Amino acid sequence: MSSVEEFRTEVRSWLRTHLTGEFAALKGRGGPGREHEEFEGRLAWERHMAAHGWTCIGWPERHGGRGASTAEQFAFHEEYALADAPARVGHIGEQLLGPTLIDHGTEEQKARFLPPIRAVRELWCQGYSEPDAGSDLAGVRTRARLHEGEWVVDGQKIWTSLAHESQWCFVLARTTPGSRRHAGLSYLLVPLDQPGVGVRPIVQLTGTSEFNEVFFDGARTDAAHVVGAPGDGWAVAMATLGYERGVSTLGQQVGFRRELEALAALAARNGALADPLLRDRLVRAWIGLETMRATALDPATAPSLAKLYWARWHRDLGELAMDVRGAASLLAAGEHGDPYDLDDWQRLFLFSRADTIYAGSDEIQRTIVAERILGLPKEVRA
């Protein structure tokens with residue numbers, strides 16, 4: 001038996017033993033558009049995982065991880081999905097900030113922030129997008145200045161996932177007065193539980209609120225809480241986006257497989273398979289998923305290409321789900337009589353509209369692929 005299969009067997013056995021009792025009711029709960037479901041219970045579950053060494057498995061052992069390979073991480077996520085385990089709550093800290101600190105942080109920052117992330121004692125959110133700087137991240141206007149040993153932050157962030165549940169935010173802010181575009185930005189670690197920080201949930205198409213707008217009005221953080229050199233935040237921010245578009249999507253792709261299998265079963269039950277066009281689209285979706293899996297396991301795959309591929313695939317799956325359901329997809333009223341009680345397929349369709357926008361829009365990804373990978377002439381910019 002290979003080491004990966006041995007690791008997979010270990011994961012499967014642990015989940016079978018521990019996803020029981022008080023945690024059994026959490027199965028299938030949470031996820032995009034459903035982050036409000038059993039949040040406290042899922043937090044308790046993830047802390048239970050941490051106590052048994054099952055968080056941050058891809059981190060190096062010296063930082064509390066298991067040093068798991070990409071193949072082992074995929075095996076973990078696949079078994080996690082097959083067990084119908086609840087959606088994770090600490091993934092932004094574990095999969096985005098943690099690797100960023102490991103590669104770019106100081107030893108003091110690693111000692112301070114990595115252990116609480118691994119133990120799921122501090123949750124993080126990402127302070128990048130702004131009302132006038134979403135896809136154009138270099139246009140951020142949130143600013144920060146050093147004053148008496150602290151950074152003082154003023155500005156606004158938007159579409160900040162899980163900010164209302166988080167204790168910390170990594171914030172891209174302009175720290176060099178008069179700087180423009182990529183220059184003069186810094187990557188700051190800012191506590192949210194303080195005067196000068198306001199978090200306002202945004203009601204989404206799904207009727208839920210996992211995105212937020214965050215206001216900084218004289219918020220403060222220690223001068224040492226800057227990752228990389230002051231003014232060099234763009235490089236650090238791009239490294240974080242690389243993690244977001246890369247290995248952190250492995251578990252997400254396993255969830256996609258579960259959604260596709262459930263949709264195929266629905267099509268078999270309701271007669272949609274009789275339509276040759278729908279059959280063809282289901283087959284193409286399966287082929288696309290296999291392609292996605294192969295590219296995710298290839299370390300040579302550029303993160304921007306992976307992001308383009310999975311985002312469009314998942315958005316198309318949401319549209320396919322509506323067509324498989326037919327006229328029933330138009331009715332948004334559940335068994336409890338709520339006038340906007342969406343089922344899982346409707347929620348998938350609506351939430352997946354955002355897939356081609358967040359973590360870098362399709363347009364931005366295509367420009368990156370054209371200019372940085374294919375070496376084509378740069379786009380004309382004002």
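Any value given below was found using the heavy atoms of this structure, including those in side chains, with hydrogens, waters and symmetry copies removed. Worth saying up front: this structure is predicted, and the values here are computed from it rather than measured.
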Common cluster, [X]/[Y], ILVMFWY with side-chain heavy-atom separation under 4.5 Å:
X: Phe113; Y: Trp59; result: yes
X: Leu114; Y: Tyr187; result: yes
X: Leu317; Y: Phe349; result: yes
X: Leu189; Y: Met238; result: yes
X: Leu97; Y: Val226; result: no

Taking all atoms of both residues into account, what is the closest heavy-atom pair of [X] and [Y], and its distance?
X: Pro377; Y: Glu371; answer: O-CG, 4.3 Å
X: Ala50; Y: Ala119; answer: CB-CA, 3.9 Å
X: Gly127; Y: Cys169; answer: N-SG, 3.4 Å
X: Thr175; Y: Ser186; answer: OG1-OG, 2.6 Å
X: His91; Y: Glu46; answer: N-OE2, 4.5 Å
X: Leu348; Y: Ala321; answer: CD2-CB, 4.5 Å

Suppose we screen for side chain to side chain contact (heavy atoms under 4.5 Å, CB included). Which residues come up paired with [X], at least two apart in sequence or across chains?
X: Leu146; answer: Trp151, Ala223
X: Phe216; answer: Val153, Lys157, Val171, Val190, Leu192, Val197, Val214, Ala219
X: Thr106; answer: Glu108, Gln109
X: Ala183; answer: none

Verify salt bridge (charged side-chain N to carboxylate O under 4.0 Å, His left out) between Arg325 and Asp343, making sure each step is shown before the conclusion.
CA-CA 11 Å; Arg325 292 199 67 223; Asp343 63 28; 2.8 Å; yes
Using a 4.5 Å cut-off on heavy atoms from C-beta on, say whether the side chain of [Y] contacts that of [X].
X: Phe170; Y: Thr100; result: no
X: Leu123; Y: Leu162; result: no
X: Ser13; Y: Glu10; result: no
X: Arg353; Y: Glu319; result: yes
X: Trp124; Y: Ile117; result: yes
X: Val369; Y: Leu376; result: no

Crowding at CZ, Arg366 (>12 non-hydrogen neighbours, <6.0 Å)
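Yes, CZ of Arg366 has more than 12 neighbouring heavy atoms, counting only those of other groups under 6.0 Å.
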Could you please spell out the steps behind the salt bridge (charged side-chain N to carboxylate O under 4.0 Å, His left out) verdict for Asp316 and Arg281?
CA-CA 10 Å; Asp316 292 347; Arg281 289 169 66 189; over 6 Å; no
Nearest 0.5 Å, please: how far is CE in Met49 from CG in Leu19?
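CE of Met49 is found 9.5 Å from CG of Leu19.
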Value rounded to 0.5 Å, distance of OG1 in Thr160 from CD in Glu210
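If we round to the nearest 0.5 Å, Thr160:OG1 and Glu210:CD are 12.5 Å apart.
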Are side-chain N/O atoms of Glu259 and His314 paired as donor and acceptor at under 3.5 Å?
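Result is yes, a qualifying pair exists.
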Pair Thr142, Glu130: side-chain N/O donor-acceptor within cut-off below 3.5 Å:
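Side chains of Thr142 and Glu130: pair found under 3.5 Å.
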Donor-acceptor pair, side chain of [X] and main chain of [Y], under 3.5 angstrom:
X: Lys27; Y: Asp84; answer: no
X: Asp217; Y: Gly155; answer: no
X: Arg315; Y: Ala354; answer: no
X: Arg42; Y: Glu37; answer: yes
X: Gln204; Y: Phe211; answer: yes

As a quick check of understanding, evaluate side-chain hydrogen bond (donor to acceptor under 3.5 Å, both in side chains) for Gln156 and Glu213, giving each step before the final call.
CA-CA 7 Å; Gln156 179 187 356; Glu213 51 185 346; 3.1 Å; yes
Given Arg88 and Gln95, is the side chain to side chain contact (heavy atoms under 4.5 Å, CB included) satisfied, shown in steps?
CA-CA 11 Å; Arg88 303 287 295 277; Gln95 298 174 344; 5.6 Å; no
Using the test side chain to side chain donor-acceptor pair (under 3.5 Å), find all partners of [X] that sit at least two apart in sequence or belong to another chain.
X: Ser352; result: none
X: His63; result: none
X: Arg8; result: Glu78, Glu79

Do Val140 and Arg174 pass the side chain to side chain contact (heavy atoms under 4.5 Å, CB included) test, and can you show the C-alpha distance, the side-chain angles, and the key distance before you say yes or no?
CA-CA 7 Å; Val140 299; Arg174 195 163 297 282; 4.2 Å; yes
Go through the steps to decide whether Trp310 and Thr356 satisfy the test side chain to side chain contact (heavy atoms under 4.5 Å, CB included), and finish with yes or no.
CA-CA 9 Å; Trp310 73 252; Thr356 57; over 6 Å; no
Remaining members of the apolar cluster that contains Val4, side-chain heavy atoms under 4.5 Å
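Grouped by the 4.5 Å side-chain rule, Val4 forms a cluster of one, so the answer is none.
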Members sharing Leu277's hydrophobic cluster (side chains within less than 4.5 Å)
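Members alongside Leu277: none; it stands by itself.
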Could you tell me whether Trp159 and Tyr128 have their ring centroids closer than 6.0 angstrom?
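Not under 6.0 Å, so no.
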Phe23 ring center within less than 6.0 Å of His48 ring center:
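So the answer is yes for these two rings.
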Do Arg66 and Trp54 form a cation-pi contact, if we require the NZ or CZ to be under 6.0 Å from the six-membered ring centre and within 45 degrees of the ring's axis?
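The answer is yes; both the distance and angle limits are met.
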Excluding sequence neighbours, so at least two apart, what forms ring-ring contact (aromatic ring centres under 6.0 Å, His included) with Tyr309?
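For Tyr309 there are no ring-ring contact (aromatic ring centres under 6.0 Å, His included) partners, ignoring immediate neighbours.
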Does anything in residues 219-243 form a salt bridge (Lys or Arg N to Asp or Glu O under 4.0 Å)? List the pairs, not counting sequence neighbours.
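Found Glu150-Arg220.
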Candidates His225, Glu122, Glu107 - the one meeting side chain to side chain donor-acceptor pair (under 3.5 Å) with Arg112
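Exactly one pass, corresponding to Glu122.
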Partners passing salt bridge (Lys or Arg N to Asp or Glu O under 4.0 Å) against Asp275 (at least two apart in sequence or in another chain):
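Result, salt bridge (Lys or Arg N to Asp or Glu O under 4.0 Å) vs Asp275: none returned.
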